[in-house]
Amino acid sequence: MRIPLLFGMLLDTAKDAPESFPSGTRHRVVRVPMPGLRLIGLAVLAVVIAANVGIGVIVVGGALDDQWYDFRDLGNTMDGLRSVLPECMASMGDTCVVPGAYVGYLTAAILGGTAILSFVGVLLVILVWSERRLLARFQVRRGPNRVGPYGLLQPLADAIKMMQKETVIPRGADRFLYYLPPVIVFIPLMLLWGAVPWAPKMTYVDLNVGVLYLVAVTSLTTLAIFLAGWSSNNHYGLLGAMRTVAMMVSYEIPISISLLTIVLFTGSLQLTDIVRWQGEHNVWFAFLLPLPLFSFFFSSTAELNRSPNDIAEAESEIVAGYYTEYSGMKMGLYLAGELGYATATSAFVSALFLGGWTLFGLETWIPGYLILGGKIAFVYFVLVWMRATLPRFRLDQLMAFAWKYLIPLSIASVVLVALEVTLFARWDVPGVVPLVLFAIVNFIFARVAMRRWATVLGYQPELQANAPVMTSGIGGLRAARALRQAEGTR
Amino acid sequence: MPRAVHQLDGHDVGRRLNAALSGVVLRATEEWVEVEAGRIVDALRWLRDDPEMDAAQLSCLTAVDQHDRFEVVYFLQSLDNNHQIEVKAVLEDHDTPSLPSCYSVYTGALLQELETYDLMGIRFEGHPDLKRLFLWEGFPGHPLRKDFLKLEGRFPGLPSFPYEEQGVQAR
Amino acid sequence: MTLLTHEPYSEPYVLNIGPQHPSTHGVFRIRVVMDGERIDDIEMIVGYLHRSMEKLAEERTYTQNIPFTDRADYLAGMSNNLGYCLAAEQLSGVEVPDRAQYLRVIFAELQRIASHAMANGQLVSDAGALQTPLLYMWREREKVLDLFEMTCGARLTTNYMRIGGVAFDPPPEFYPAVEQLLADLPDRIDEYHTLLIENEIFLARTKGVAPISAEDAINGSLTGPMLRASGVPWDLRKADAYGIYDRFKFEVPVGRVGDVWDRFMVRMEEVKQSASIIRQALDGLPAGAHKTDVPLALRPEPGEAYARVEGPRGELGFYLVSDGGPAPARFHIRAPSLINLSLLKQMAVGSSLPDAIVALGSIDIVVGEIDR
């Protein structure tokens, strides 16, 4: 029996394509006529722009500043709720049996959780589409363009397909532990998105130990991945899990050390403070600290399992790594979680190294979250670009890269930065001069140190792209030896 | 007339081979040279090591079922001298044919001997890991033999599988 | 004080790579004994695609057997057709007209471009690139398959060559299309150079991985790009000069150490050389008949023939034995994919899983040809 699809119409847009392709048109795209599509798109665009302009006016006018109901700042609103609700409850007097504080916290938690979850959900829908389209463009393909206008409904169709699929549980799996990881994977993701500083007043939790929180929460995923790999009772899964743990242990260190250089400059662990520092000094840490940026970005790709460091789910070697045995929506959750982490990391790279919501003064006129969104999109684009282009490292190469290369270089850069910070504090000149000087010094240091250290470690000159020898004669071993000799003497 | 472009005359090869290992050549034609099956390894080793023959590479190893006997065919080639030699070994025992393995001379024989064993049923004594290559262990008969279809319970196009119940014909 | 109460030990375990695995290029299975990430032992298990072609061919006429050959190595159908037809012609003494010879060369070399593009793309894909290089290299392959399609109607299983010629003359639109392909090729190859050859990660993954010495390669019956990568300048197009290959000028690329990198680069160079051969063949393409008439059921004299061509994967030999009947008494394909696997164990044991996967990719196996 054929089960009719609820959204079958979504999947079936291609039915308008001609039955058979006439000769010579096989590669031509069949355009499905979509009347009014352009109008709808324009209307949506107009609404979005109007909303953002409105918010921009509010931001510039400062009408909502310091009000508890400032909707731009979810964290502030939550704080306000927590203080306002108990007062309301108290004013009700004896009619209320529940202590007001509980209600306040509970309401705040539910509201905040829902807000983040719905944000991440919408984000994932966009991400799935954009990643697939981007990858397709990199790979001289067209990508999803059949479901809905420009294939925009493809993530929806994907999700429906995933949910319809059976989730097979291997016989030898530890059922309880097998169920947990897809859920656990999402918890750190939500926690991470809570700490993203969107705009000066727009952070759900503005922790004063934000950097520490970031390092702690990102390493939580290892637990889920290891559980998944171990509980599915599959050698590929186990290999993937072991690789993840090995990688996480190695790459936590460069991440922490490179964040340390930032903290040395700003003197604060708070993410909003870090962004503010960059805004005040009109400099991004990307310019000031190129080596920590590289170290942080590369290590993040390792933690994210993104190419070129996706060895934990290396498709060509260990099938899908830790989630080999997962199917249906369980696997979908892993894929979604991976995308979510990639963007969350993009957000933190933008906030820590690319100036967050600041854009050299333009943040006065443009809402901060738009600036950060643009930066996130850029960093995410770089991630997709790397994924589409680069081959994968081997496990031992990756470990060696962390321990022999990134960690010593990061430590060296911490020493250099500490020196610079001391100078910065005592040097009595306008801030721009030393910062420009430091940027130049750090850039030269990064350039020279990376090259020299690689040579010290045995960056082999024979690792060069040598072309084969061309010959017009043929022969066997004797000819081979003669060729080699001729090659040697040349 | 030699068939391939650079094929050595079998008579010539046979004469030299006989001079080195007396009595090893049983027959020689223009195309090929037939050697004693039991001494095939010696003959191949001599052909490989002799500087003039220089049969450095085993190009192809296969077997032919001639209804009453098997012919194992070795195509050797010299890359430096650019010539080919065809060596044959005839196995008169059609039921349990066996022959020494030439893996010790040519490592390239590894899979070709397995293939011949699997499909022809010729045992290569001394092969490091003689097993069925394409078909599973326990497959009845060896398909490339001419009498394969005459095996009991077997007729063209309708194989029966050993793990199925007796008497139930597979589809 | 000792921290460990016992010596640390590790336990080997068995990993089944395949039959369904992204990097086995078909239904090919390797049973790997691993200790951590190190490979201790491997065992190849093939036969999932065994169709018993050699037995089936004994009941079909010589012409009916041609379609079997392009289904053996489905990525190099033209080369297989050519090898088989050469063997059958050798057996029956059929002469091939000049135009057909040229067309055969053109199509065999086009097939080599397509097959090498696939091989190199898959190799990079095995090294971990997310299919971008693969899809880049498929552009040429698509163009070549389009050429096949417009000439003989099929893209993979071409069934194009016939005993005594080729089945069809190419249509008029074939010639501009092949000119376009040849004109685009240098630019495309430059793109691969920037995408891959100047890529540190790709170099680190392929340089010095799974090297095979020239001695081992010759003794292990390796042929084709595998043998040439090991430094042995051996190419049947020059050695045998079958067909009319002695009329074309081309060079043989030879690797230095026989590692995965050399195999990749040898294939890359061969694409250029093939393009040069196609150019020369197009320039010299004579007019005339594209096939001779042969009897529907050939009955060659009793005898045998072994014809071999330089297929994209190596020496592609066809051994035919005739007993005077309309069908061959024995039909054997010397499958380079299978025989090149002889040294897989030597390459894989002691290395790590990623290296073994790349080494397997560099052999460029086609399971249809291994199992037949």
Side-chain angles (χ1 to χ4, degrees), chain A residues 23-24 26-27 135-136 138-141 235-236 238-239 242-243 246 307-311 314-320 384 386-397 401 454 459-460 462-484 487, chain C residues 13-16 21-23 34 36-37 124-136 139 193 195-205 207 214-215 218 228-235 238-239 249-256 261-262 265-266 268-269 352-355 357 361:
Chain A
S23 163
R26 204 162 44 75
H27 297 298
L135 273 181
F138 279 118
Q139 298 176 345
V140 281
R141 294 186 286 125
H235 280 151
Y236 289 121
L238 196 61
L239 269 174
M242 300 305 287
R243 286 177 172 194
S307 182
N309 304 330
D310 53 343
I311 56 166
E315 190 206 349
S316 60
E317 296 151 23
I318 51 173
V319 190
V384 176
M386 280 165 66
R387 182 173 177 209
T389 316
L390 296 179
R392 184 185 306 119
F393 276 110
R394 217 164 50 209
L395 178 65
D396 55 327
Q397 290 169 341
F401 194 74
Y459 169 72
Q460 292 148 341
E462 70 260 24
L463 262 189
Q464 256 159 35
N466 45 5
V469 187
M470 303 303 284
T471 166
S472 49
I474 52 155
L477 204 51
R478 244 184 295 145
R481 286 188 183 133
L483 265 180
R484 197 165 302 161
E487 192 61 24
Chain C
Y13 61 97
V14 175
L15 188 71
N16 254 314
H21 185 281
S23 307
M34 292 183 73
E37 287 264 343
V124 185
S125 198
D126 286 348
L130 190 95
Q131 288 165 358
T132 308
L134 179 66
L135 286 161
Y136 265 61
R139 291 179 303 183
H193 276 255
L195 181 64
L196 295 168
I197 295 173
E198 292 158 13
N199 187 326
E200 290 281 333
I201 302 178
F202 185 64
L203 281 166
R205 283 301 304 277
K207 276 270 175 184
E215 291 83 356
I218 292 175
R228 287 192 282 277
S230 294
V232 184
W234 180 251
D235 190 324
K238 277 192 183 295
K249 277 199 181 69
F250 61 96
E251 288 186 314
V252 182
V254 173
R256 289 183 168 79
W261 169 259
D262 277 343
M265 285 307 283
V266 162
M268 213 69 157
E269 280 299 325
S352 64
L353 183 60
D355 278 354
I357 293 286

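Just so we're on the same page: letters track the sequence lines, and every chain starts at 1.
Atom-to-atom distance recorded for A/L395:CG and C/S352:OG is 8.0 Å, nearest 0.5 angstrom.
Chosen from C/M34, C/K249, C/M265, the residue pairing most often with chain A at heavy-atom distances under 4.5 Å is C/M265. Between chain C and the options A/T389, A/D310, A/T471, heavy-atom pairs under 4.5 Å are most frequent for A/T471. Top candidate by heavy-atom pairs under 4.5 Å with chain A, chosen from C/A127, C/A239, C/P133, C/A214, is C/A127. Note: C/I201 leads C/V124, C/I201, C/D126, C/N16 in heavy-atom pairs under 4.5 Å with chain A.
A pairwise comparison of heavy atoms in A/P391 and C/F202 identifies CG-CB, 3.9 Å as the closest pair. Between A/F138 and C/Y136 the shortest heavy-atom distance is O-CE1, 3.2 Å.
Heavy-atom distances place the side chain of C/R139, and not its backbone, under 4.5 Å from chain A. With a 4.5 Å cut-off on non-hydrogen atoms, A/R243 touches chain C through its side chain but not through its backbone. Contacts of C/S125 with chain A are made by backbone atoms alone, with heavy-atom separations under 4.5 Å and no side-chain atom involved. With a threshold of 4.5 angstrom between heavy atoms, A/L390 approaches chain C through its backbone and through its side chain. With a 4.5 angstrom heavy-atom cutoff, A/L135 touches chain C only via side-chain atoms.
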Discussion item. Walk me through whether C/V254 and A/M470 qualify under side-chain contact (heavy atoms from CB on, under 4.5 Å).
Written reply: CA-CA 6 Å; C/V254 173; A/M470 303 303 284; over 6 Å; no

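Across A/Q397, A/E317, A/R392, a single residue satisfies side-chain contact (heavy atoms from CB on, under 4.5 Å) together with C/P354, and that is A/E317.
Between A/V319 and C/H21, some side-chain heavy-atom pair lies under the 4.5 Å cut-off. A 4.5 Å side-chain heavy-atom check between C/V252 and A/S472 finds every atom pair outside the cut-off. Side-chain contact between C/L353 and A/L239: present, with at least one pair of heavy atoms (C-beta onward) separated by less than 4.5 Å.
Salt bridge absent: A/R394 and C/E37 never bring a charged side-chain N and a carboxylate O closer than 4.0 Å.
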